[in-house]
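Data block below; observations after.
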Amino acid sequence: MPELPEVETVRQGLNQVTLGQEIWGGDVLLDRTIAHPFSANEFLARLKNVTITNWHRRGKYLLAALTQSNTGDAGWLGVHLRMTGQLLWLNQQDPLQKHTRVRLFFPDNRELRFVDLRTFGQMWWVPASEAPESIITGLKNLGPEPFSSDFSIEYLVGKLQNRQRTIKAALLDQALVAGVGNIYADEALFLSGIRPETLCSALKLEQIERIRTSIIQVLQASIEAGGTTFSNFLNVQGVNGNYSGVAWVYGRTGEPCRVCSTSIERIKLAGRSSHFCPKCQQ
Ligand SMILES: [Zn+2]
């Protein structure tokens, strides 16, 4: 599943190729990809002749600010890739991928194509009169962005102290911090030297500070890795994303720890696999 760094890489790519261009049409091949408005035809009608001025990211949500030459502010286009969604920047005559769900047509024969095998991905059009979170309700419950000053040590201590859940479950909670999923939670806990099953209430102040720093560090490193390989193919490949091949522990069960050569172990926590080094994470 794409996490914050992969979505951020897609956002940067979209800003490179789609800005200032007027959408002239499109096609919805799977109606339920469109979460708002109710009708796919209305979705396309609302996007016709609008221009994307900027792509923003909030957690794992992509939000394009829209303008129209007559009316000015034309609302927002929201996208969530969920498990397997991909945004591709292609020529309109390029053969359709089997799981193509939505096509948006741009000048010069270009196209933004949404391909999604598992069909959990969603798109929204939000009118200018509404706040995005009033239509895209998942935005309402998002915690702070990890790179923002709101994600402070004071904030994190307040959220973690006296809580009886595991730190792994806490990091996966989008209300605690936006955009961190299974990959980067495992990686941040490795860098912090903390076992995923540790209860939040047992964490010392110094450990919470290390967790905060590690989250920021691992997300930043992955964004930088993705940014260097970005092409016109806005590709987000399932679980590996930007991080393919360089993970400390994620997806490396049974392989030697890159620090101490101990075999990486995996346990189930909160229904998800957690990977850790039994020696480096005590
Ligand atoms: Zn180790």
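Counting convention: from 1, in listed order, for ligands and their atoms alike. No hydrogens, no waters, no symmetry mates; every other heavy atom, side chains included, goes into these values.
- In this structure Asp173 satisfies the salt bridge (charged side-chain N to carboxylate O under 4.0 Å, His left out) test together with Arg165, sequence neighbours excluded.
- Below 30°, between 30° and 60°, or above 60°: for Trp248 and Phe190 the angle between ring planes is below 30°, a parallel geometry.
- Looking at Asn15, its side chain never comes within 3.5 Å of a backbone N or O of Leu19 through a donor-acceptor pair.
- Arg258 places a side-chain N or O within 3.5 Å of a backbone atom of Ala247 that can act as its donor or acceptor partner.
- Aromatic ring centres of Trp24 and Phe105: separated by under 6.0 Å.
- Salt-bridge check for Arg113 with Glu111: passed, with a basic side-chain N closer than 4.0 Å to an acidic carboxylate O.
- For a distance threshold of 2.8 Å, the protein N, O or S atoms nearer than that to the Zn ion (ligand 1), listed by chain and number, are Cys257 SG, Cys260 SG, Cys277 SG, Cys280 SG.
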